[in-house]
Number of protein chains: 2
Amino acid sequence: MAEKTKLWYLENFNLFSGMAQQSMEEMNRKSKMKTNKKKEIIYFPDERSDTIYILKEGKVKISRIAEDGRTTTMQLIGPGEIFGEGSILGQEKHENIAEVVEDAVICTISKDMFQEMMKDNPALNLKITKFIGFRLQTIQAHVEDLVFKNAQERIESFLKRYVKNFGKQMVDGWMVRPFLKHQEIADITATARQTVNMVLNELAEQDTIKYTRRFLQVKNTSWLN
Amino acid sequence: MAEKTKLWYLENFNLFSGMAQQSMEEMNRKSKMKTNKKKEIIYFPDERSDTIYILKEGKVKISRIAEDGRTTTMQLIGPGEIFGEGSILGQEKHENIAEVVEDAVICTISKDMFQEMMKDNPALNLKITKFIGFRLQTIQAHVEDLVFKNAQERIESFLKRYVKNFGKQMVDGWMVRPFLKHQEIADITATARQTVNMVLNELAEQDTIKYTRRFLQVKNTSWLN
DNA sequence: AATTTATTGTCAGGTTTCTGACAATAAATT
DNA sequence: AATTTATTGTCAGAAACCTGACAATAAATT
């Protein structure tokens with residue numbers, strides 16, 4: 001496999017699909033690419049937000065911490081998504097923590113340069129706009145889940161989304177690897193670790209899923225809806 | 001008091017402050033103004049979203065309904081705020097219901113015209129951008145409240161926000177009028193009507209607030225933080 | 001003013017889900 | 001391979017809050 005240059009990443013990015021060659025090279029000049037290991041923190045709450053981040057590989061977790069130390073995950077960012085979008089929405093500071101949960105390749109570009117590019121690139125502008133709209137919808141769906149669904153339903157519908165977003169279809173159902181710790185699922189679904197354990201084993205019991213600490217396999221595909 | 005023309009409203013709108021006279025008149029031509037009575041529905045879920053709404057007077061409630069009929073309020077829109085912003089974020093359909101909860105004066109403009117205006121009006125563009133960022137923050141704060149706060153805390157912090165947003169400062173504390181039904185507060189805070197009742201009476205007990213069905217008064221101002 | 005309707009007040013279960021505690025297992029380290 | 005550490009499995013008890021039921025009060029209607 002050929003070495004992956006930053007331009008290679010940018011070109012394979014649907015955010016930039018259809019962008020002129022010239023703009024592409026401009027983006028390449030103006031952005032930086034970095035590899036971040038698991039557990040690295042990309043930004044903290046209260047840190048100034050003047051950068052936007054584009055994730056090419058890996059996973060990043062966007063979360064919040066309460067004063068008493070409790071934690072909740074707002075969203076999991078996967079390849080092809082941007083984060084830190086608050087910077088282009090005029091937010092001075094980050095409210096969230098962004099932490100790498102699977103070794104990541106991240107492109108960064110200063111909000112000023114990005115906005116400059118958006119100004120004379122309507123296609124990019126439109127894509128960002130749609131992305132923001134999508135983000136807004138996602139968070140509203142999160143609220144809806146918290147209000148209308150019970151713990152078991154929240155856990156199940158998260159698992160479904162997780163598999164659809166990050167899994168691969170195989171002969172014997174869907175497969176995601178690596179899997180998450182129960183505590184991580186609990187943080188995402190606003191439940192307790194023990195409840196996650198219970199739901200997971202119930203699903204395994206009825207042969208809907210099979211899992212170890214390393215992978216999650218959905219055996220009964222119709223469960224995915 | 002002079003009759004309120006639409007132009008009068010537009011000019012007193014901070015969304016358009018600093019806008020050129022010419023653009024102002026263009027906006028006036030392109031938008032419509034309407035008065036909506038309490039309980040009128042501005043839009044339903046699944047309705048096409050091709051309009052943006054600017055609220056000058058009154059209150060509008062943005063909410064969601066589950067299949068089983070349960071309801072939750074995502075936000076209360078007050079004078080000076082826009083809603084239906086999904087239209088300019090590329091969302092085909094509304095996910096929410098927008099319902100007038102206090103007789104309202106609403107300006108509407110088609111998303112196409114609005115985007116046209118944004119294109120050659122950087123100041124307007126910036127304001128909308130910031131507004132969207134603010135909306136995103138608000139919803140994230142909603143998630144945070146649901147996860148970290150218990151029912152009592154959610155109700156209290158909603159009351160504080162409500163008073164700060166919609167109340168007037170008086171010699172003897174803050175005053176909001178009209179007040180909300182307990183069920184409405186329950187819908188906003190994702191609690192039960194009876195719990196709202198309990199919290200409200202507890203606060204009245206300790207002389208923090210005083211309320212009837214018509215108004216809410218905060219007697220102990222330090223409670224507001 | 002009398003009557004009807006809507007909203008608030010109160011209370012007793014009942015449910016859901018969390019907490020804490022510890023054992024069992026798997027993974028990582030030595 | 002043996003030992004240490006991290007994660008998962010299991011359970012009992014507790015807390016928070018909801019549900020349902022009905023009475024009391026306020027508002028709206030006649």
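Within every chain, numbering begins at 1; the chains are lettered A, B, ... in the order of the sequence lines, protein sequences first and strands thereafter.
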5' precedence on DNA chain C between B/L180 and A/T191 (nearest-nucleotide basis): B/L180
Applying the Watson-Crick and G-U wobble criteria at under 3.5 Å, what pairs with D/dT5? Answer none if nothing qualifies. C/dA26
Can you tell which of D/dT8, C/dC18, C/dG9 lies closest to the side chain of A/H182? D/dT8
Nearest-Å distance for atom pair CG/P, residues A/L203 and D/dG9: 12 Å
Give the rounded distance in Å between these two atoms: CG of B/N201 and C1' of C/dT8. 8 Å
Between atom CD in A/Q183 and atom C1' in C/dT19, what is the gap in whole Å? 13 Å
Check the distance between D/dT10's C1' and A/M198's CE and give it to me in whole angstrom. 12 Å
Hey, does the side-chain of B/R193 have a donor or acceptor N/O within less than 3.5 Å of a partner on the base of D/dG20? no
Side-chain (A/R154) to main-chain (A/A190) donor-acceptor, under 3.5 angstrom: yes
Tell me: NZ of B/K38 to C1' of C/dA6, nearest whole Å? 12 Å
N/O donor-acceptor pair under 3.5 Å between B/E156 side chain and B/E153 backbone: no
Any chance you could list the contact pattern along nucleotides 24-30 of chain D? Use B for base contacts, S for sugar-phosphate-only contacts and - for none, protein heavy atoms under 4.0 Å, 5' to 3'. -BSSS--
Quick one: label A/A186 by what it contacts on the DNA or RNA (base, sugar-phosphate, nothing), any heavy atom closer than 4.0 Å. nothing
Between B/Y211 and C/dT7, is there a side-chain N or O to OP1/OP2 distance below 4.0 Å? no
Answer yes or no: is there a donor N or O on one side and an acceptor on the other, between the side chain of B/T51 and the main chain of B/T108, under 3.5 Å? no
Name the nucleic acid region contacted by A/F179, choosing base, sugar-phosphate or nothing; use a 4.0 angstrom heavy-atom cut-off, strictly under. nothing
Whole-Å distance between C/dA6 C1' and B/N197 CG? 15 Å
Report yes or no: is the cationic atom of A/K160 (NZ for Lys, CZ for Arg) under 6.0 Å from the centre of the six-membered ring of A/W223, at an angle within 45° of the ring normal? yes
From CD of A/E202 across to P of D/dC11 the rounded distance in Å is 13 Å
Test side chain to side chain contact (heavy atoms under 4.5 Å, CB included) applied to B/Y211 and B/L180, step by step: CA-CA 10 Å; B/Y211 75 100; B/L180 302 167; over 6 Å; no
If I take atom CD in residue A/Q194 and atom C1' in nucleotide D/dT8, what distance separates them, rounded to the nearest angstrom? 10 Å
Dump the intermediate steps for side chain to side chain contact (heavy atoms under 4.5 Å, CB included) on A/I42 and A/F83, then the final yes or no. CA-CA 10 Å; A/I42 309 295; A/F83 62 101; 4.1 Å; yes
Report yes or no: does A/D50 contribute a side-chain atom to a donor-acceptor pair with the main-chain N or O of A/K111 at less than 3.5 Å? no
Whether the side chain of B/S31 engages the backbone of B/I109 through a donor-acceptor N/O pair (distance < 3.5 Å, no angle test) should be reported. no
Would you mind classifying the nucleic acid contact of B/A204 as base, sugar-phosphate or nothing, using non-hydrogen atoms under 4.0 angstrom? nothing
Which one, D/dT8, C/dT17, D/dC17, comes nearest to the side chain of A/K181? D/dT8
Using a cut-off of 4.0 Å on non-hydrogen atoms, how would the nucleic acid contact of B/N150 be classed: base, sugar-phosphate, or nothing? sugar-phosphate
Looking at D/dG20, which nucleotide sits across from it as a Watson-Crick or G-U wobble partner, both distances under 3.5 angstrom, or is there none? C/dC11
